[in-house]
Amino acid sequence: MEFNEITEAQDRLVQKSRALAGLSLGELADTLQLNVPSSLKREKGWVGMLIETALGATAGSKPQQDFPELGIELKTIPLSFDNLPLETTYVCYAPLMGNHSITWETSNIRNKLQRVLWLPIQGEREIPVNERLIGTAFLWQPSAEQEQRMKVDWEELMDMICLGRVEQITASIGEVIQLRPKAANGKALTSAIGEDGAVIKTRPRGFYLRKSFTAEILCV
DNA sequence: CATTGATCATAC
DNA sequence: GTATGATCAATG
C-alpha cells in the first residue's frame, strides 16, 4: 500500500464525519444531549469539543493527534458566507526551551499536520450558534510543496526562538505558519531564551495556520 | 475590515 | 503551567 493511501479504519472515520454534513450544531448537540451556548465568547472551544464527542475522539489534553491509532488530527474550521476561513487555525504550543534537537521531521506540529480531517462549519457571528450548519468533512495530507512551505516558516521561527529572539517574533512572520501568544491571559509566563542567552520569562506561544493557507487547503 | 495580540473553559 | 479545544477584540 502506498504511504498516503487511506486505510479502511481511516475511511470509516471520514464517512462518519461526512454523515454530519447538513446538520446544525443544535441538532447534533440534541442527539448528544448537550446544551448549546448562546455565544462562543466564553466557550471558544465548544464547537471543537462537540465534534470530538460526536466522532468519538479520545478526550484529553495529550500533545498528540485526536485519533493516534489512525494518525489523524481533527480540526473544525469556521467559514464565512463566502466559504472562506474566519479564523486562523491553532495547531500546538511552540517549544521555547530545550528544543535544539528538534527538527521539522520530529516536531509535534508536523506530526499533527501530517493528516488532518477538516470539518468546515458556518462561523458568521450573526448566525446563532445552534443554527450554524456543519459542512462536508474531508481528509487532507499536505502536498510536498505545502509541507516545504510549512517547514520553511517553522525553521525560521524556531531559529529565532533558539537564538534568543522570541520577543522579536511577531505574527507577521511566516507565509503559512505564524507564531502568536497562546495562554489563558497575559499573566501566564513560561521560560525562554533571551537575547543574551539567559533564561527569560515570556508569554507562551503557539503555532497557527494563516487563513490564506487554510483557504488554499479548502479549495483543493 | 483584516490582522495581530489577547483571552476563555477545562483537565491534570 | 501545559496542553486540549479555539474565538474574541483591540489595533492599525
Side-chain angles (χ1 to χ4, degrees), chain A residues 17 25 28-29 32 34-68 72-82 84-99 102 107-109 111-113 116-130 132 134 137 153 157 160-161 166-192 199-215:
Chain A
S17 59
L25 295 181
L28 180 58
L32 299 172
L34 295 173
N35 293 318
V36 183
S38 56
S39 164
L40 298 182
K41 183 174 179 178
R42 292 194 171 281
E43 293 181 62
K44 298 179 181 179
W46 185 82
V47 177
M49 298 301 290
L50 173 71
I51 300 299
E52 279 194 351
T53 301
L55 295 181
T58 52
S61 55
K62 301 176 292 293
Q64 287 300 319
Q65 294 148 321
D66 294 297
F67 298 92
I72 290 178
E73 171 73 8
L74 177 67
K75 287 291 178 194
T76 61
I77 184 163
L79 299 187
S80 69
F81 291 124
D82 294 328
L84 291 172
L86 278 169
E87 297 291 344
T88 54
T89 299
Y90 169 71
V91 183
C92 63
Y93 264 105
L96 303 182
M97 293 280 284
N99 50 24
I102 303 175
S107 67
N108 186 32
I109 183 173
N111 176 246
K112 284 200 170 189
L113 297 177
V116 179
L117 179 60
W118 293 97
L119 254 125
I121 296 172
Q122 289 184 332
E124 292 284 2
R125 296 185 194 182
E126 64 186 79
I127 305 176
V129 177
N130 67 322
R132 297 182 188 180
I134 299 170
D153 289 344
L157 293 166
M160 290 185 71
I161 290 171
V166 65
E167 299 283 33
Q168 294 161 50
I169 297 177
T170 73
S172 65
I173 296 178
E175 186 225 341
V176 296
I177 290 174
Q178 62 182 174
L179 192 80
R180 307 217 305 275
K182 168 61 176 173
N185 53 57
K187 296 173 184 172
L189 294 175
T190 191
S191 296
V199 176
I200 62 171
K201 286 297 184 181
T202 189
R203 303 190 315 293
R205 315 298 167 92
F207 290 114
Y208 295 78
L209 299 181
R210 287 188 181 281
K211 291 195 288 184
S212 55
F213 189 52
T214 49

[X] [atom1] to [N] [atom2], straight-line distance once rounded to whole Å:
X        : N     : atom1 : atom2 : result
A/Gln168 : B/dT4 : CD    : P     : 18 Å
A/Gln64  : C/dG5 : CD    : P     : 11 Å
A/Asn111 : C/dT4 : CG    : P     : 11 Å
A/Phe81  : B/dC1 : CZ    : P     : 14 Å
A/Glu52  : C/dA3 : CD    : P     : 17 Å
A/Leu74  : C/dA6 : CG    : P     : 7 Å
A/Ile77  : C/dT7 : CD1   : C1'   : 13 Å
A/Glu87  : C/dA6 : CD    : P     : 12 Å

Side-chain donor or acceptor of [X] paired with backbone N/O of [Y] under 3.5 Å:
X        : Y        : result
A/Tyr208 : A/Glu87  : no
A/Lys112 : A/Ser107 : no
A/Asp66  : A/Ala57  : no
A/Arg132 : A/Ile127 : yes
A/Arg42  : A/Pro37  : no

Would you say [N] has OP1 or OP2 under 4.0 Å from some side-chain N or O of [X]?
X       : N     : result
A/Tyr90 : C/dT4 : yes
A/Lys75 : C/dA6 : yes
A/Lys41 : C/dA9 : yes
A/Arg42 : C/dC8 : no

Problem - Distance-only donor-acceptor check, side chains A/Thr190 and A/Lys201, under 3.5 Å - result: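 No.
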I want to verify a distance call: between [options], whose nearest atom is closest to the [X] side chain?
X        : options             : value
A/Pro181 : B/dG5, C/dA6, B/dT4 : B/dG5
A/Thr76  : C/dT2, C/dA6, B/dT4 : C/dA6
A/Arg180 : C/dT4, B/dA9, C/dT7 : C/dT7
A/Lys44  : C/dT2, C/dG5, B/dT4 : C/dG5

May I ask you to say what [X] touches in the nucleic acid, namely base, sugar-phosphate or nothing, with a heavy-atom cut-off under 4.0 Å?
X        : answer
A/Gly48  : sugar-phosphate
A/Leu86  : nothing
A/Thr89  : nothing
A/Arg125 : base
A/Lys112 : sugar-phosphate
A/Gln65  : nothing
A/Arg205 : nothing

Fill in the blank from the handout: 5'-most contact on DNA chain B (nearest-nucleotide basis), A/Gln178 vs A/Lys187, goes to A/Gln178
Practice task
Identify, between A/Ala183 and A/Ile173, the residue whose nearest nucleotide on DNA chain B lies closer to the 5' end.
Solution key: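 Per heavy-atom nearest nucleotide, the more 5' residue is A/Ile173.
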Practice task
Please figure out whether A/Tyr208 or A/Tyr93 has its closest DNA chain C nucleotide nearer the 5' end.
Solution key: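 The residue whose closest nucleotide sits nearer the 5' end is A/Tyr93.
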Completion exercise
The residue, A/Val47 or A/Thr190, whose nearest nucleotide of DNA chain C is more 5′ is A/Thr190
Practice task
Using a cut-off of 6.0 Å, state whether more than 12 heavy atoms not belonging to A/Asn185 lie near its atom CG.
Solution key: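 Result for CG/A/Asn185: enclosed.
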